Amino acid sequence: TCKCAGDDFDGLSATLDVSVAAEIRHLTVKNTGSPVGTDDFAIGVFTSASAPKSLLHVTATGAGADLNYGIADVASPATTLSDVAAEGTGGRFARGIAARESSPTLVDVKALATGGTTNSIGVLNDEATLTIRRSVIEGATWSVRANPGSTSRLADTELSGPAIDPGFTCVNVYTQTLAPLDTACQ
């Protein structure tokens with residue numbers, strides 16, 4: 001746990017910065033923020049660069065800043081998250097997991113975003129190629145939101161909150177009440 005918010009969306013605003021090939025196992029990290037002004041970031045785990053990464057049995061939380069992220073995956077071609085819990089809470093913007101210009105695979109993941117006064121997004125896909133399987137994604141504003149240029153593939157996954165993405169592919173995706181969603185996650 002650290003109070004290590006920063007004013008940039010990078011590893012300096014994270015409790016754990018993983019920018020080399022690595023496998024992280026059985027770890028809990030929490031960034032409780034320490035506001036440095038508006039637009040400050042509290043990120044639990046930040047992954048970046050071209051080396052493959054694996055997070056297994058990891059819990060990551062970002063809270064206490066203006067923009068709070070459990071996990072941020074940026075420009076990583078092969079990040080795998082397995083049996084991971086990621087939570088972003090409070091501030092203006094809360095994100096459980098954010099993928100930007102990367103290709104992450106999420107398996108058995110719980111992503112949660114709550115308390116953002118502007119919005120809370122369980123998984124944000126920003127020009128990434130995202131695969132989610134056997135996971136639970138919850139966002140008070142959106143469970144999954146993808147920006148233009150993104151690809152999102154979901155299978156055997158529960159969504160709590162609306163999903164918005166022009167390029168969803170969904171197979172056996174359902175709501176908290178087990179109501180099935182169509183192939184576009186609607």
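Since we're looking at a predicted model, the values are computed, not measured.
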Check whether any side-chain N or O of [X] sits under 3.5 Å from a backbone N or O of [Y] as a donor-acceptor pair, and report yes or no.
X    : Y    : answer
N68  : G90  : yes
N125 : T151 : yes
T177 : T175 : no
N31  : S13  : yes
S120 : A140 : no
S143 : P162 : yes
S150 : N147 : yes

Any side-chain heavy atom of [X] within less than 4.5 Å of one from [Y]?
X    : Y    : result
T183 : F168 : no
L27  : V29  : yes
I137 : T157 : yes
V45  : L55  : yes
T105 : L81  : no
T59  : V84  : no
D73  : I97  : no
T169 : L154 : no

Item checked: side-chain contact (heavy atoms from CB on, under 4.5 Å) evaluation trace for F93 with N119 -> CA-CA 5 Å; F93 301 97; N119 61 48; 3.4 Å; yes

What pair of heavy atoms forms the shortest contact from [X] to [Y], and how long is it?
X    : Y    : answer
A163 : C185 : CB-O, 3.9 Å
S19  : A49  : O-CB, 3.4 Å
A60  : G70  : CB-O, 3.3 Å
S103 : P77  : CB-O, 3.2 Å
A42  : A63  : CB-O, 3.5 Å

Next item on the list: Answer yes or no: are there more than 12 heavy-atom neighbours, outside R133 itself, under 6.0 Å from its atom CZ?
Entry: no

Next item on the list: Please lay out, stage by stage, how R92 and T117 fare under the test side chain to side chain donor-acceptor pair (under 3.5 Å).
Entry: CA-CA 5 Å; R92 280 190 307 140; T117 58; over 6 Å; no

Next item on the list: Step by step, work out the side-chain contact (heavy atoms from CB on, under 4.5 Å) result for I24 and V18.
Entry: CA-CA 9 Å; I24 309 297; V18 184; 4.3 Å; yes

Checklist line | side-chain contact (heavy atoms from CB on, under 4.5 Å) partners of E23, counting only residues at least two apart | finding: R25, S54

Checklist line | From D83, N172, D108, residue fulfilling side chain to side chain donor-acceptor pair (under 3.5 Å) relative to R134 | finding: D108

Note to self: Under a 4.0 Å threshold between the charged nitrogen and the carboxylate oxygen, would K110 count as salt-bridged to E87?
What the structure shows: no

Check: Does the pair L181 and C170 meet the rule for a side-chain contact (heavy atoms from CB on, under 4.5 Å), with working shown?
Finding: CA-CA 8 Å; L181 298 173; C170 298; 6.0 Å; no

Check: What is the distance from atom OG1 of T79 to atom CD1 of I71, rounded to the nearest 0.5 Å?
Finding: 9.5 Å

Next item on the list: Check step by step if side-chain contact (heavy atoms from CB on, under 4.5 Å) holds for K53 and S76.
Entry: CA-CA 8 Å; K53 292 150 201 66; S76 297; 3.8 Å; yes

Next item on the list: List for me each residue that meets ring pair (Phe, Tyr, Trp, His ring centres under 6.0 Å) alongside F46, sequence neighbours excluded, and say none if there are none.
Entry: F9

